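Just so you know, these numbers come straight off a predicted model, no measurement behind them. Within every chain, numbering begins at 1; the chains are lettered A, B, ... in the order of the sequence lines, protein sequences first and strands thereafter.
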Amino acid sequence: MSKKAKTAINPTRSEDYPEWYQQVIRAADLAEVSPVRGCMVIKPWGYALWENIQSELDARFKATGHKNAYFPLFIPLRFMQREAEHVEGFAKECAVVTHSRLEAGEDGQLTPAGPLEEPLIVRPTSETIIGELFAKWVQSYRDLPLLINQWANVVRWEMRTRLFLRTAEFLWQEGHTVHASSEEAMEETRLILDLYADFAESYMAMPVIKGEKTEGERFPGALNTYSIEAMMQDRKALQAGTSHFLGQNFSKASNIQYLDKEGQKLHAWTTSWGVSTRLVGGLIMSHADDNGMVCPPRLAPAHVVILPVTPKEETRNQVLEHCDKLAREIRDLTFDGKPIRVEFDDRDLRGGEKMWQWVKKGIPLTVEVGPRDLESDSVFVGRRDNGPQERKGMPRTEFINSMSSVLQEIQDNLHQRAKDFREANTCSIDNKEDFYDFFTPKDKDTNEIHGGFAKAHWAHDTEAEDRLQKDLKVSIRCIPEERTGEPGTCPFTGKPSEGQVVFAKAY
RNA sequence: CGGGACGUAGCUCAGCCUGGUAGAGCGCCGGCUUUGGGAGCCGGAUGUCGCAGGUUCGAAUCCUGUCGUCCCGACCA
């Protein structure tokens, strides 16, 4: 006869996962759908998450020798046509600008006028326009390597959109590099993959599998695509970042050539790599729970909120002053080498409601301070990685002294939790029946959470891959860098396989 | 872009079948009460019923078109 626990987010994850996801975004005030089809408005709390992602990644790019630059939003149509596979990959989702002005007609309606001689496409990615410029910038082996990154928005005209995970316009970072040799370009590709993986694990607290994409999942125009793959709480995979070895495809298409020491003119080798605001979606689906968002401390817009409890008018000012002092004290502390970010919420709202707003936003720590705490010089602390009822009192000094390490503990705890979840839902499968069973829901009508990551042998057989996509909507997420198990036999074709790959349903 | 569902107050939704000019709960504003917790009572504000046509004396309600959202599929970061 246990009554269902009251949750801040309804439905819960197990009841209706896609709806839960949207409700978390709303409850935490991260973003909302805009009046523009397929585009989202990122609100301050959500944008702050992105800014924190940006600032850490930006520092890491710079630490590895990359420089930021900015290239045009518009790309002349003919640039797109230079690389055949690239065109094919992106043509279907390009926004095209065809006119240069608006004119008011008889009825006062504005209509496009002044057709452009050559239509412009809004960048879905910038390989072609950047290649055009790189061809000018690169003349000699002395110009290499050329390591450029751009923070930008891109547009891909998607049919089906979901906040953060897939929107028509999104924010991202795209790195584009040029190298003298294949080896060096490949080294760069792998360096960035490692950089992304380390960032995901240590900042996003999101465990990822590094690996190579199969031919079918490759970036259009790339020779090799590498990705980091994370498991979301519905056990589906999210491709969280990609790094592409482009070989000489784009240097040939854009004519990026250099003179080597011997005076020979050679085509350069290029790479490109990116992560997007999709990472925020990954953050939500990795850590948020049935009470809302859960921010990993290292990326949290704020680490702690001070909530004054002012039950009596007489003690109100005293409490507020005390809280203000506490806020200043906390601002002098550091976590992760930066000042601790503290909010002081003295809005005239009821305590309980205020508390829940911050729970839903996923702030790592809440501190409630009331008149009784003043007397004992203590504080009442809640950790977001614990249940909302598990808050406890402690001396103020203890709280202050332990704060930095507690934030790190929360960070580690979220990471461990996500890792355990992934391990619990990952299995190794050797025969077709078990594989189909693993990826088939018990009750087809309820959209229940099922499946997970399946490691199974595969013999580089595209037909088998397509079959599974068709039958089960399961794809090969990657050929993991660290292969597990011995060589074996593909359970679908019986062909010999050199190792297992990771299968999953994906976003 | 195909299949389905749905657009009514900030949010969740009722009303539509059987046309007669708009409702609830939550939220918001004000007052009182309450106060270590998502409060209670009283009062109040808020809607060209997605948009455009059509049928009708009269349309949230019926018809057509259109735009948007969500779910499923194809495609994709």
Side-chain angles (χ1 to χ4, degrees), chain A residues 6-11 16-19 21-23 26-27 29 32-40 88-94 124-125 153-174 196 213 216-220 225 227-230 237-244 272-282 291-292 307-313 315-316 319 349-360 366-374 378-380 382 388-389 391-393 444-447 466 469-470 473 475 506-507:
Chain A
K6 191 177 177 186
T7 54
I9 304 298
N10 291 293
D16 184 346
Y17 194 85
E19 181 63 20
Y21 175 76
Q22 295 182 98
Q23 292 305 325
R26 201 162 57 128
D29 212 22
E32 59 186 55
V33 297
S34 75
V36 188
R37 183 205 152 92
C39 298
M40 69 175 160
E88 206 186 320
F90 287 105
K92 295 183 292 290
E93 47 191 39
C94 281
T125 179
N153 58 338
V154 285
V155 168
R156 295 181 188 175
W157 213 258
E158 298 289 348
M159 291 308 159
R160 193 178 164 192
T161 58
R162 302 190 68 184
L163 290 178
F164 290 114
L165 297 175
R166 174 162 295 108
T167 47
E169 179 192 13
F170 57 95
L171 305 181
W172 79 344
Q173 138 299 291
E174 48 180 325
Y196 284 157
K213 287 292 190 184
E217 301 265 331
R218 234 176 249 157
F219 177 76
T225 285
S227 74
I228 52 172
E229 301 283 330
L238 183 79
Q239 179 176 309
T242 49
S243 186
H244 315 292
S272 70
W273 28 272
V275 298
S276 70
T277 35
R278 173 177 248 205
L279 287 181
V280 178
N291 287 319
L307 301 160
V309 181
T310 54
K312 294 189 192 72
E313 199 51 48
T315 53
R316 191 181 149 81
V319 170
L349 271 182
R350 291 195 57 78
E353 200 193 334
K354 224 196 268 190
M355 177 73 193
W356 276 100
Q357 287 185 7
W358 288 102
V359 168
K360 287 185 277 193
T366 57
V367 197
E368 296 158 274
V369 182
R372 290 213 297 269
D373 300 311
L374 258 61
S378 58
V379 292
F380 201 64
Q389 309 313 329
R391 292 168 286 157
K392 61 178 188 195
K444 284 191 176 69
D445 301 327
T446 57
N447 229 341
D466 292 346
Q469 174 67 43
K470 223 170 207 162
K473 285 172 256 157
S475 56
Y507 275 97

Do [X] and [Y] have side chains that approach each other closer than 4.5 Å (heavy atoms only, starting at C-beta)?
X	Y	value
Arg162(A)	Pro18(A)	yes
Leu163(A)	Val33(A)	yes
Glu93(A)	Pro124(A)	no
Phe170(A)	Arg156(A)	yes

Between [atom2] on [N] and [atom1] on [X], what's the gap in Å once rounded to a whole number?
X	N	atom1	atom2	value
Arg350(A)	rC26(B)	CZ	P	15 Å
Ile9(A)	rG38(B)	CD1	P	18 Å
Leu374(A)	rG36(B)	CG	C1'	13 Å
Arg218(A)	rA77(B)	CZ	P	13 Å
Glu19(A)	rC71(B)	CD	P	8 Å
Lys360(A)	rG27(B)	NZ	P	11 Å
Arg162(A)	rC70(B)	CZ	P	9 Å
Gln357(A)	rG10(B)	CD	C1'	14 Å

Which nucleotide sits closest to the side chain of [X]: [options]?
X	options	result
Glu368(A)	rG37(B), rA39(B), rA77(B)	rG37(B)
Ala8(A)	rG37(B), rG38(B), rA77(B)	rG38(B)
Pro18(A)	rA77(B), rC71(B), rC70(B)	rC71(B)
Glu353(A)	rU35(B), rC28(B), rA77(B)	rC28(B)
Phe380(A)	rC75(B), rG37(B), rG38(B)	rG37(B)
Arg391(A)	rG36(B), rG37(B), rA74(B)	rG37(B)
Val309(A)	rU12(B), rA77(B), rG36(B)	rG36(B)
Lys92(A)	rC75(B), rG37(B), rA77(B)	rC75(B)

Locate the shortest heavy-atom distance separating Gln23(A) from Pro11(A); write the atom from each residue and the value.
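Nearest heavy atoms, Gln23(A) then Pro11(A): CG-CD, 4.4 Å.
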Using the [atom1] atom as the point on both nucleotides, what is the distance between [M] and [N], in whole Å?
N	M	atom1	result
rA60(B)	rG23(B)	P	13 Å
rA45(B)	rC17(B)	C1'	34 Å
rG58(B)	rC26(B)	P	39 Å
rG2(B)	rU18(B)	P	31 Å
rG10(B)	rC1(B)	C1'	34 Å
rG54(B)	rC13(B)	P	32 Å
rC49(B)	rA22(B)	C1'	8 Å
rG65(B)	rU21(B)	P	29 Å

Would one find a side-chain N or O of Arg372(A) under 4.0 angstrom from OP1 or OP2 of rG36(B)?
no
side-chain N/O Arg37(A) vs rG68(B) OP1/OP2, d < 4.0 Å
yes
Applying the Watson-Crick and G-U wobble criteria at under 3.5 Å, what pairs with [N]? Answer none if nothing qualifies.
N	value
rG38(B)	none
rG73(B)	rC1(B)
rG7(B)	rC67(B)
rG27(B)	none
rA22(B)	none

Select base, sugar-phosphate, or nothing to describe what [X] touches, counting heavy atoms under 4.0 Å on all strands.
X	value
Thr366(A)	nothing
Ala240(A)	nothing
Met159(A)	base
Leu165(A)	base
Gln22(A)	sugar-phosphate
Gly352(A)	sugar-phosphate
Gly38(A)	sugar-phosphate
Pro371(A)	base
Ser276(A)	base

Quick one: on RNA chain B, does Leu163(A) or Ala506(A) contact a more 5' nucleotide (nearest heavy atom)?
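Counting from the 5' end, the first nearest nucleotide belongs to Leu163(A).
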Need to verify one output field. Residue with the more 5' nearest nucleotide on RNA chain B, Pro311(A) or Thr161(A)?
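In this pair, the answer is Pro311(A).
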If the plane angle is over 60° it's perpendicular, under 30° parallel, otherwise tilted; pick one for Trp273(A) and Tyr196(A).
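Perpendicular.
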Above 12 or not: heavy atoms from other molecules or residues under 6.0 Å from CH2 of Trp157(A)?
no
Using only atom types and a distance under 3.5 Å, with no angle test, would you say the side chain of Asn291(A) pairs donor to acceptor with the backbone of Ala8(A)?
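Yes; at least one donor-acceptor contact below 3.5 Å.
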Show your working on side chain to side chain contact (heavy atoms under 4.5 Å, CB included) between Thr242(A) and Ser227(A) and close with a plain yes or no.
CA-CA 4 Å; Thr242(A) 49; Ser227(A) 74; 4.1 Å; yes
Aromatic-base stack, Phe170(A) on rA77(B), cutoff 5.5 Å, angle under 30:
yes
